[in-house]
Amino acid sequence: MIDLRLLREDPDTVRASQRARGESESVVDDLLRADEDRRAAVQRFETLRAEQKQLGKQMPRASGDEKTALLQRTKELSAEVKAAEAAAGEAEQRLRRAQMAIPNVVEQGAPAGGEDDYVVLREVGAKPAIDNPRDHLELGEALRAIDMERGAKVSGSRFYFLTGVGALLQLGLFQLALAQAVEYGFTPAITPALVKPESMEGTGFLGAHASEVYRLEADDLFLVGTSEVPLAAYHSDEILQLDSPMRYAGWSSCFRREAGSYGKDTRGIIRVHQFDKVEMFSYCRPEEAHAEHLRLLAWEEEMLAKVEVPYRVIDVAAGDLGSSAARKYDCEAWVPSQGRYREVTSTSNCTTFQGRRLNVRYRDENGKPQTAATLNGTLATTRWLVPILENHQQPDGSVRVPKALQPYVGGRDVLEPRR
RNA sequence: GGAGACUUCGCCUAGUCUGGUCUAUGGCGCCGCACUGCUAAUGCGGUUGGGGUCUUAAAGCCCCUCCCGGGUUCGAAUCCCGGAGUCUCCGCCA
């Protein structure tokens, strides 16, 4: 939900943002009109209401003819007030709908254009020279770490079991992530995976992404696609003390329907219906958000360095941002079997967009409540096992374990295939 | 799953039976001022949030806000209906 004050004072900024995203500018004018309509309707109602209250006050003291006249006028007013109130309510709803239709205003400096118009900010680490690399599934099956076949037998396509060193590696990765987060002052959190519609709505996932989300109809609950959802809703309708950013590291399973991705990444655990993730989430003052965003990115890169995989950082183009984000940086790890980089982290600055929907506020220097900014970023996911296995593979099918993960696989520095 | 109790402006709380003077009481906390060698104590004042209007800004004025949504009424914190949440008890179950 964008800021109506910004819209009124500087509609051209919002129009420019829509252009950068490749989306309609006319919705901006729709919103401006809805805003004016609502204010007019509210004023009509308030004027009538004020008269009604005024006359109501005279009622107990009136008597005789005076009272009869008063009663007659207030009876008329009563109906008028009711109608005006209903009209104002409808105008309010139209405004809300128009406001929901506009995605967040893109941050200055974000590249314009669509999915392929990202800008590579840097490449870090040397790609390993591997002849005929095995892919993560071949390696994972040999290690008895990943079992897709039984995943499909039990739950269907895009499901899997992590077993043995696969399970240990994932748990180790997450503990490493959580330990790093705690070191930097994050509050670790294990979050609900099922949330109410308003939590889903507030984070902006029921708009364009609605078909991606699992819904439990019988209970009117949604399975979250990321712990960003419960963490953003965690402080909804609250006024926070935000002298410095409030940071949470959420650990949860994540569920995605992957509708419309038939045939894409069907092999292995790159694109699955259920995976686990440690997610950083930050509440801060809007003026602090840009700097916080860069800090989240730095923490993601620190984690990638710990697992010793080469990666690049891209500045995602405006058209590929998603409705809540004003700016987004992805880290993409090198995947030798594919000869390309694949997304392993994503950090978004949502500015006050989610905060406004979820009513998360803080008090400024004057003690006035203001809308808080929110940001999120990935610290580790199941998908990370892909570049970890592939980049550290050796010609015999064994896999070296990055030093930071060795304590979690019984101190081993190499994982050997089982026969 | 069944029964009951409760939900008031940060926290606690009065008010609901008997509708208007509720522009919501008091305490705690917090902020300011006074007193005080300092602290404490005391006294005085302030302190829900949202929206609109006016304004460079502030102040002012108006409307909404007593869990949420309907209804009754000239008028609802208060009466009626529906819903949500919390707690207690019973039943069932990991």
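Labels below follow one simple rule: chain letters A, B, ... track the order of the sequence lines, proteins then strands, and each chain is numbered from 1.
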On the nucleotide [N], are OP1 or OP2 found under 4.0 Å from the side-chain N or O atoms that [X] carries?
| X | N | answer |
| --- | --- | --- |
| A:Ser78 | B:rG75 | yes |
| A:Lys82 | B:rU72 | yes |
| A:Arg363 | B:rC31 | no |
| A:Lys53 | B:rC62 | no |

State the pairing partner of [N]; accept Watson-Crick or G-U wobble contacts with both distances under 3.5 Å, and report none otherwise.
| N | answer |
| --- | --- |
| B:rG75 | none |
| B:rU18 | none |
| B:rG45 | B:rC31 |
| B:rU55 | none |
| B:rU25 | none |
| B:rG91 | none |
| B:rU86 | B:rA5 |

- Query: Which is true for A:Gln52 with a 4.0 Å heavy-atom rule: it touches a base, it touches only sugar-phosphate, or it touches nothing?
  - Reply: sugar-phosphate
- For A:Arg8, answer base if it contacts any base atom (sugar-phosphate contacts may also be present), sugar-phosphate if it contacts only those atoms, and nothing otherwise; contact means non-hydrogen atoms under 4.0 Å. sugar-phosphate
- Task: Start with the C-alpha distance between A:Ile270 and A:His136, add both sets of side-chain angles, then the distance that settles side-chain contact (heavy atoms from CB on, under 4.5 Å), and finish with yes or no.
- Result: CA-CA 9 Å; A:Ile270 289 188; A:His136 73 277; 3.9 Å; yes
- Test log, rule side-chain contact (heavy atoms from CB on, under 4.5 Å), inputs A:Asp35 and A:Leu32: CA-CA 5 Å; A:Asp35 180 43; A:Leu32 279 167; 5.5 Å; no
Rounded to whole Å, please give me the gap between [atom1] in [X] and [atom2] in [N].
| X | N | atom1 | atom2 | answer |
| --- | --- | --- | --- | --- |
| A:Tyr362 | B:rG49 | OH | P | 15 Å |
| A:Glu92 | B:rG52 | CD | P | 9 Å |
| A:Arg356 | B:rG50 | CZ | C1' | 14 Å |
| A:Arg73 | B:rU73 | CZ | C1' | 18 Å |
| A:Gln54 | B:rG20 | CD | C1' | 14 Å |
| A:Lys75 | B:rU73 | NZ | C1' | 9 Å |
| A:Glu85 | B:rC64 | CD | P | 8 Å |
| A:Glu51 | B:rC74 | CD | C1' | 12 Å |

- Ionic contact status for A:Glu292 with A:Arg247, cut-off 4.0 Å: yes
- Message: Check A:Glu302 with A:Arg295, please: is the shortest side-chain N to carboxylate O separation under 4.0 Å?
- Response: no
Can you tell me, in whole Å, how much space there is between the [atom1] of [N] and that of [M]?
| N | M | atom1 | result |
| --- | --- | --- | --- |
| B:rG37 | B:rU25 | C1' | 40 Å |
| B:rC90 | B:rC79 | P | 31 Å |
| B:rG20 | B:rA77 | P | 10 Å |
| B:rA84 | B:rC28 | P | 39 Å |
| B:rG69 | B:rG32 | C1' | 42 Å |
| B:rG85 | B:rC68 | C1' | 10 Å |
| B:rC80 | B:rG4 | P | 15 Å |
| B:rU65 | B:rU23 | P | 12 Å |

- Task: Report the residues that fulfil side chain to side chain donor-acceptor pair (under 3.5 Å) with A:Thr381, sequence neighbours left out, ordered by chain and then residue number.
- Result: none
- Item | Members of residues 33-46 of chain A that approach RNA chain B, where some heavy atom sits under 4.0 Å away | A:Arg38, A:Arg39, A:Gln43, A:Phe45, A:Glu46
- Which residue lies toward the 5' end of RNA chain B, A:Lys368 or A:Leu71, if each is placed at its nearest nucleotide? A:Lys368
- Message: Can you confirm whether A:Gln108 is buried at CD, in the sense that more than 12 heavy atoms of other residues, nucleotides or ligands lie under 6.0 Å from that atom?
- Response: no
- Message: Within a 6.0 Å radius of atom CZ on A:Arg150, are there more than 12 heavy atoms belonging to other residues, nucleotides or ligands?
- Response: no
- Please report the C-alpha distance between A:Trp334 and A:Asn391 in whole Å, then the side-chain angles of each, then the deciding distance to 0.1 Å, and finally whether the side-chain contact (heavy atoms from CB on, under 4.5 Å) criterion is met. CA-CA 8 Å; A:Trp334 179 249; A:Asn391 282 289; 3.4 Å; yes
- Which nucleotide in B:rC74, B:rA76, B:rG49 has an atom nearest any side-chain atom of A:Ile239: B:rG49
- Out of B:rG52, B:rU73, B:rG50, minimum distance to the side chain of A:Pro369 belongs to B:rG50
- Aromatic plane relationship, A:Tyr283 with A:His235 - under 30° parallel, 30 to 60° tilted, over 60° perpendicular: perpendicular
- Item | Flag side-chain contact, heavy atom, 4.5 Å: A:Phe186 against A:Pro245 | no
